[in-house]
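Protein chains get the first letters and strands the later ones, always in sequence-line order, with residue 1 at the start of each. Just so it is clear, the model here is predicted, and its values are computed rather than measured.
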2 protein chains.
Amino acid sequence: MEATMTGDPLPKLPATAWAVLGLLSFPGERSGYDLKKWADASLRFFYWSPALSQIYSELKRLEQLGFAVSRIASQDELRNKRLYRITDSGQEALATWARETPAGPPVLKHGVALRVWLGHLSEPEELRKTLVEHRDYAASTLVEVRASEDSAQDRWPFPALVLKWSERYWQAERDLADGMLADLEDLYRKQGGEAAG
Amino acid sequence: MEATMTGDPLPKLPATAWAVLGLLSFPGERSGYDLKKWADASLRFFYWSPALSQIYSELKRLEQLGFAVSRIASQDELRNKRLYRITDSGQEALATWARETPAGPPVLKHGVALRVWLGHLSEPEELRKTLVEHRDYAASTLVEVRASEDSAQDRWPFPALVLKWSERYWQAERDLADGMLADLEDLYRKQGGEAAG
DNA sequence: GGGAGCATGTAACGGGTTACATGATTGG
DNA sequence: CCAATCATGTAACCCGTTACATGCTCCC
């Protein structure tokens, strides 16, 4: 039923729907579960990984729109999975979306920075701990990005390019955390000095 | 009526509610409108700036919880504004929240990176344009951060520290965009070379 | 036996947005 | 005179989450 020819306007969908369709725009068939794993290993580093339940509902919507089709694959008897693939109409809609919808500014919600911003409410010890944990988090995310880069999964050139970017991003994030930690020590030293001297 | 003594558990509020209360935790009285302006000039660089309507509704909720109080100020006859200030109970709740609630990983939704990830759907020209625009956006945000740092508004030490961090962040964001642009050119050259040679 | 991973979904909830509504003042 | 800024709010909407429900297989 791959109807809907060229000419009908793009439905207004949340960015996540296009991201899911984007995951399907690479060759192959995938289940919702597969997509979640792939999102966790790539999308997550630069664009959040949607909840499984949302992936399932987006897939359902994409199929209703004719942008994807699914079939039931019963590979190991009794084990059922629903495999999706993108349609021509979906490929076209996705390309149109990429062409016409401006990307917009990146969305950042940095809880750690917020905590430091409210530093007057915390003990130095706690704030330090929060920052050190964040630094370690950034460092371990960096390791995960590198693992993802090494995996054969990402032989596609554009995803590889973005993983490279992500590697640099998380490197910067780690270094920025170190920098803020150093500045924080300076601040405490200065405050302590004022109080003492 | 600043009731609610120590001991009652923290209500589960969205991070934005605490962020708004945090804006009030610095000395002085502020209107919802003031808070929006301040959020646009500081919070925005590292933690999103809530919509005005949300600030108003969060303020209402904070007042109902006893974390803030408001009074009507009619400064220039007929001109009414509602000024809020934090209560002792609010100050205490905010400090408890900062102490007990882990900051969690930063949330990043990088639409530009998503576009590049789906680069196989775009013309080189368009992708370049998207990246150049993003680079300029990061550069101009950097200028805004520096302006905010220079303004007397932020004599508070912790906010100043986070603005310093934000400055480095947007610098990195700009440089990362340049890096991705260069990598993209390499990719196109390689692809072009393959096709040609 | 039980926990982890595979696999798919539904339902409730609420956070946060845009659009709407209103109206005064200031400056070009 | 009109646009921008000041100033406060309501209502509709829906994106996306968590919690719940189900059941299989593999491995310790």
Side-chain angles (χ1 to χ4, degrees), chain A residues 11-21 23 29-41 43-44 47-65 68 70-84 101 104-105 107-109 111 114, chain B residues 11-21 23 29-41 43-44 47-65 68 70-84 101 104-105 107-109 111 114:
Chain A
K12 211 187 134 299
L13 294 175
T16 303
W18 298 111
V20 170
L21 191 57
L23 286 164
E29 281 182 321
R30 287 166 199 88
S31 67
Y33 198 87
D34 291 335
L35 290 177
K36 173 59 173 167
K37 273 190 302 179
W38 197 24
D40 282 344
L43 264 193
R44 185 190 125 213
Y47 196 85
W48 202 244
S49 183
L52 248 180
S53 65
Q54 199 192 353
I55 290 179
Y56 285 122
S57 51
E58 293 299 353
L59 284 171
K60 194 164 284 183
R61 166 157 53 177
L62 291 171
E63 189 163 34
Q64 263 164 12
L65 289 166
S70 68
R71 64 181 187 88
I72 298 289
S74 331
Q75 78 291 34
D76 352 74
E77 49 183 272
L78 280 176
R79 204 62 115 72
N80 288 344
K81 58 157 83 180
R82 184 176 291 271
L83 293 175
Y84 287 84
T101 310
V107 174
L108 176 67
K109 282 191 162 196
L114 182 62
Chain B
K12 210 186 136 296
L13 294 175
T16 303
W18 298 111
V20 170
L21 191 56
L23 287 164
E29 282 183 320
R30 285 167 200 86
S31 68
Y33 198 87
D34 291 335
L35 291 177
K36 173 59 174 166
K37 273 190 302 176
W38 196 24
D40 282 345
L43 264 193
R44 185 189 124 214
Y47 196 86
W48 202 245
S49 183
L52 247 180
S53 65
Q54 199 192 353
I55 290 180
Y56 285 122
S57 51
E58 293 299 353
L59 284 172
K60 194 164 283 182
R61 167 157 53 177
L62 291 171
E63 189 164 33
Q64 262 164 12
L65 289 165
S70 67
R71 63 181 187 88
I72 298 288
S74 331
Q75 78 291 30
D76 351 75
E77 49 181 272
L78 280 176
R79 203 65 114 70
N80 287 343
K81 57 158 84 179
R82 183 176 291 271
L83 293 175
Y84 287 84
T101 310
V107 174
L108 177 67
K109 283 192 162 195
L114 182 62

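Contact check, B:Trp48 against C:dG15: no side-chain N or O comes under 4.0 Å of OP1 or OP2. Considering only side-chain N and O atoms, B:Ser57 lies nowhere under 4.0 angstrom from the phosphate OP1 or OP2 of C:dG16. Contact check, B:Ser31 against D:dT8: a side-chain N or O comes under 4.0 Å of OP1 or OP2. Applying the 4.0 Å criterion to OP1 and OP2 of D:dC15, one finds that A:Arg61 has a side-chain N or O inside that range.
Pairing each heavy atom of B:Ala17 with each of B:Glu58, the nearest pair is CB-OE1, 3.3 Å.
If one axis is set at each end of the helix from C:dG1-D:dC28 to C:dG28-D:dC1 from five pairs, those axes are 30° apart, to 10°.
Considering A:Ile55, A:Leu35, A:Thr16, A:Asp40 as possible partners of A:Ser49, the one that fulfils the side-chain contact (heavy atoms from CB on, under 4.5 Å) test is A:Asp40.
The side-chain contact (heavy atoms from CB on, under 4.5 Å) search around B:Trp18 returns B:Leu10, B:Leu13, B:Leu21, B:Phe67, B:Ala93, B:Leu94, B:Trp97, not counting sequence neighbours. In this structure B:Arg30 satisfies the salt bridge (charged side-chain N to carboxylate O under 4.0 Å, His left out) test with no other residue, sequence neighbours excluded. By the salt bridge (charged side-chain N to carboxylate O under 4.0 Å, His left out) test, A:Glu29 is found to be paired with A:Arg71, residues two or more places apart in sequence or in another chain being considered. Residues that satisfy the side-chain contact (heavy atoms from CB on, under 4.5 Å) test with B:Ser31, not counting sequence neighbours, are B:Tyr33, B:Asp34, B:Lys81, B:Leu83. Residues satisfying the side-chain hydrogen bond (donor to acceptor under 3.5 Å, both in side chains) criterion with B:Ser70, sequence neighbours excluded, are B:Glu63, B:Arg82.
Residue B:Lys12 is out of contact with every strand shown, counting any heavy-atom pair closer than 4.0 Å.
Comparing C:dT18, D:dT10, C:dT8 by their nearest atom to the side chain of B:Lys60 picks out D:dT10. Closest approach to the B:Leu52 side chain among D:dT18, D:dT8, C:dG9 is made by D:dT8 (side chain taken as heavy atoms from C-beta onward). When distances are taken from the side chain of A:Tyr33 to each of C:dC6, D:dT18, C:dG15, the shortest belongs to C:dC6.
When the P atom of C:dT10 is taken as reference, atom CD1 of A:Ile55 falls 15 Å away, rounded to whole Å. The NZ-P distance, from A:Lys37 to C:dG5, rounds to 11 Å in whole Å. Across the protein-nucleic acid pair, A:Lys36 atom NZ and C:dC6 atom P stand 13 Å apart, rounded to whole Å. Computed from coordinates, the B:Arg71 CZ to D:dT8 P distance equals 12 Å when rounded to whole Å. Computed from coordinates, the B:Lys109 NZ to C:dT17 P distance equals 12 Å when rounded to whole Å. Atom CG in B:Leu43 sits about 13 Å away from atom P in C:dG16, given to the nearest Å. Counting to the nearest Å, the P atom of C:dT8 and the CD atom of A:Gln54 are 16 Å from each other. One atom, CZ of B:Arg30, and another, P of D:dA7, lie 14 Å apart when rounded to the nearest Å.
The base of D:dT8 is not paired with the side chain of B:Ser53 by any donor and acceptor separated by under 3.5 Å.
Interatomic distance, OH of B:Tyr47 versus CG of A:Leu114, reported as 6.0 Å (0.5 Å rounding).
With the nearest nucleotide of DNA chain D identified for both B:Tyr56 and A:Glu58, B:Tyr56 has the one nearer the 5' end.
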